[in-house]
S.K.: 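Quick one: structure below, then a few questions.
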2 protein chains.
Amino acid sequence: MTTPPAPRSLLDESRLDGILGYAMARASVTTTRLFNRSVGEPLGLRPVEFTLLQLIEANPDTTQKHLCELLRMPAPQMTLILDRLLERDWVRRERDQKDRRTLRLRLTEEGSRLAAQSVEALRDGERALDKLLSPGERTLLRELLVKIAG
Amino acid sequence: MTTPPAPRSLLDESRLDGILGYAMARASVTTTRLFNRSVGEPLGLRPVEFTLLQLIEANPDTTQKHLCELLRMPAPQMTLILDRLLERDWVRRERDQKDRRTLRLRLTEEGSRLAAQSVEALRDGERALDKLLSPGERTLLRELLVKIAG
DNA sequence: TATTGTTATACTCTATAACTATA
DNA sequence: TATAGTTATAGAGTATAACAATA
């Protein structure tokens, strides 16, 4: 005798059981909320701004094109987001001297500090997931997500 | 002697390695693209419209409030989405006779057909993931996502 | 001609406040 | 006074076309 799984809500979601995109969308509500509480609201950063700070910090002199490709983001959007980061003096854009079409990106000192502070805050915030996942489950989840990421 | 993992891109993402929200965001690019190709573009459905069709089909006479709670969506957004589904004659809204504040939702016959057709199309579309995940991995991934979904 | 990036624009998504009607 | 839902509105996210500068 097996008992049916306890429903997570009053509504029957079983038609969507096999749909991975639905499970992803439901789960990302949780990770988005954790981001907003630990980084978004206290530090005034949006998810994509946070991500760009980390990527530019780890990849000094990268170009907007490379970032667009990695994040699958259209170039005009990247321009606008970087405009905001420049305005707040967290990022510098400099022309490449050999190919004057490309712009190379670096964090300012303040941007660098914010990158470190925000990633630390998010690591702290995501510790709330320890109540839901064991360390092994969390590692496994990350590995499975990496497998399906483009 | 171990070899370092092959980079997925030319950019170093290691600062974001421990961040589950980042892995979620990257992976959802893939599932979103699969949705758009198999359901969004051919059937003219947005993700949330697809989801509502499935949930209303499985839960006839449910209310907007219940759907908002499950999907953690503000009520005004639900109103607008349902307006579009009503306009296309896929959903009916009827006043509850006992509590005339609440509206009870049902699919029309055409809505019901579309719900079945679209969920089948998405199951087909998500078979592309079989190249990236084994059946066991896929089941595991879904279970781990359900654990962190609010 | 092709590439990097910008400007302009439009459409969708999300969140909030103020409102109507029922209870 | 509280609840279900709507209207109005604004801000953020996303996509595309047309453009400028450089190669």
Side-chain angles (χ1 to χ4, degrees), chain A residues 10 21 25-26 28-33 35-37 39-41 44-52 56 61-88 91-105 150, chain B residues 10 21 24-26 28-33 35-37 39-41 44-52 56 61-87 91-105 150:
Chain A
L10 295 168
R26 294 287 314 272
S28 69
V29 170
T30 299
T31 54
T32 299
R33 196 171 38 193
F35 175 86
N36 285 327
R37 283 184 189 169
V39 174
E41 288 154 18
L45 279 176
R46 302 173 198 173
V48 67
E49 294 172 336
F50 165 82
T51 297
L52 287 177
I56 296 170
D61 292 327
T62 190
T63 67
Q64 300 187 194
K65 182 166 202 312
H66 283 144
L67 293 169
C68 285
E69 280 167 1
L70 175 64
L71 301 178
R72 285 181 166 67
M73 177 184 296
Q77 197 179 340
M78 184 63 70
T79 296
L80 294 175
I81 297 163
L82 288 171
D83 282 348
R84 288 201 307 268
L85 296 178
L86 248 89
E87 227 169 64
R88 291 188 275 183
V91 169
R92 284 178 302 156
R93 264 194 280 220
E94 281 170 21
R95 286 274 163 211
D96 184 303
Q97 287 309 310
K98 291 177 185 165
D99 182 341
R100 296 188 52 73
R101 289 173 304 184
T102 81
L103 291 166
R104 301 214 167 263
L105 303 167
Chain B
L10 296 167
M24 287 285 302
R26 293 289 312 275
S28 68
V29 171
T30 298
T31 52
T32 299
R33 195 172 36 194
F35 175 87
N36 285 328
R37 283 183 189 169
V39 174
E41 289 154 19
L45 279 177
R46 301 174 197 171
V48 68
E49 292 171 337
F50 165 81
T51 298
L52 287 178
I56 296 170
D61 292 327
T62 189
T63 66
Q64 301 187 193
K65 183 167 203 307
H66 284 144
L67 293 169
C68 286
E69 281 166 2
L70 176 64
L71 301 177
R72 286 180 165 67
M73 178 185 293
Q77 198 178 341
M78 184 63 70
T79 295
L80 295 176
I81 297 164
L82 288 171
D83 283 347
R84 288 201 307 268
L85 296 179
L86 247 89
E87 226 169 67
V91 169
R92 283 178 303 156
R93 264 193 280 221
E94 280 168 22
R95 287 275 163 211
D96 185 302
Q97 287 309 310
K98 292 179 185 166
D99 182 340
R100 297 189 49 75
R101 290 172 305 183
T102 80
L103 292 166
R104 301 213 167 263
L105 303 167

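Lettering follows sequence order; numbering is per chain, from 1. Because only heavy atoms are used, hydrogens play no part in the values below, and waters and symmetry mates are left out as well, while side chains stay in.
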S.K.: Under a 3.5 Å distance rule, please check whether B:Thr31 uses its side chain to pair with a backbone N or O of B:Ser28 as donor and acceptor.
M.R.: yes
S.K.: Whole Å only: how far is the CG atom of A:Leu82 from the P atom of D:dG13?
M.R.: 14 Å
S.K.: With a cut-off of 3.5 Å and sequence neighbours excluded, list every side-chain donor-acceptor pair involving residues 65-72 of chain B.
M.R.:
residue, atom, partner, partner atom, Å
B:Lys65, NZ, B:Glu69, OE2, 2.5
B:His66, ND1, B:Thr63, OG1, 3.3
B:Arg72, NH2, B:Gly150, O, 3.3

S.K.: Distance check needed: C:dT7 P versus A:Leu103 CG, whole Å only.
M.R.: 11 Å
S.K.: Round to a whole Å and report the spacing from CG of A:Leu85 to C1' of D:dA12.
M.R.: 15 Å
S.K.: Just the rounded figure in Å: distance from P of D:dA12 to CG of A:Leu45.
M.R.: 13 Å
S.K.: By the salt bridge (Lys or Arg N to Asp or Glu O under 4.0 Å) test, which pairs, at least two apart or in different chains, include something from residues 75-86 of chain B?
M.R.: B:Glu49-B:Arg84, B:Asp83-B:Arg93
S.K.: Any chance you could list the contact pattern along nucleotides 13-23 of chain C? Use B for base contacts, S for sugar-phosphate-only contacts and - for none, protein heavy atoms under 4.0 Å, 5' to 3'.
M.R.: SBSBB----BS
S.K.: Rounded to whole Å, how long is the line connecting atom CZ of B:Arg33 with atom C1' of D:dA15?
M.R.: 15 Å
S.K.: Would you say B:Arg104's side chain and B:Asp96's backbone share a donor-acceptor pair under 3.5 angstrom?
M.R.: no
S.K.: Please give, in whole Å, the distance from D:dT16 C1' to A:Met78 CE?
M.R.: 17 Å
S.K.: To the nearest angstrom, how far is A:Gln64 atom CD from C:dG5 atom P?
M.R.: 5 Å
S.K.: Give a yes or no on whether the backbone of B:Arg101 and the side-chain of B:Arg95 come within a donor-acceptor separation of less than 3.5 Å.
M.R.: yes
S.K.: Let me spell it out: for each of B:Asp83 and B:Thr102, pick the nucleotide of DNA chain D with the closest heavy atom. Which residue's pick is nearer the 5' end?
M.R.: B:Thr102
S.K.: Between P on C:dT4 and CZ on A:Arg93, what's the gap in Å once rounded to a whole number?
M.R.: 16 Å
S.K.: So do A:Val48 and A:Met73 actually touch side chain to side chain, heavy atoms under 4.5 Å?
M.R.: yes
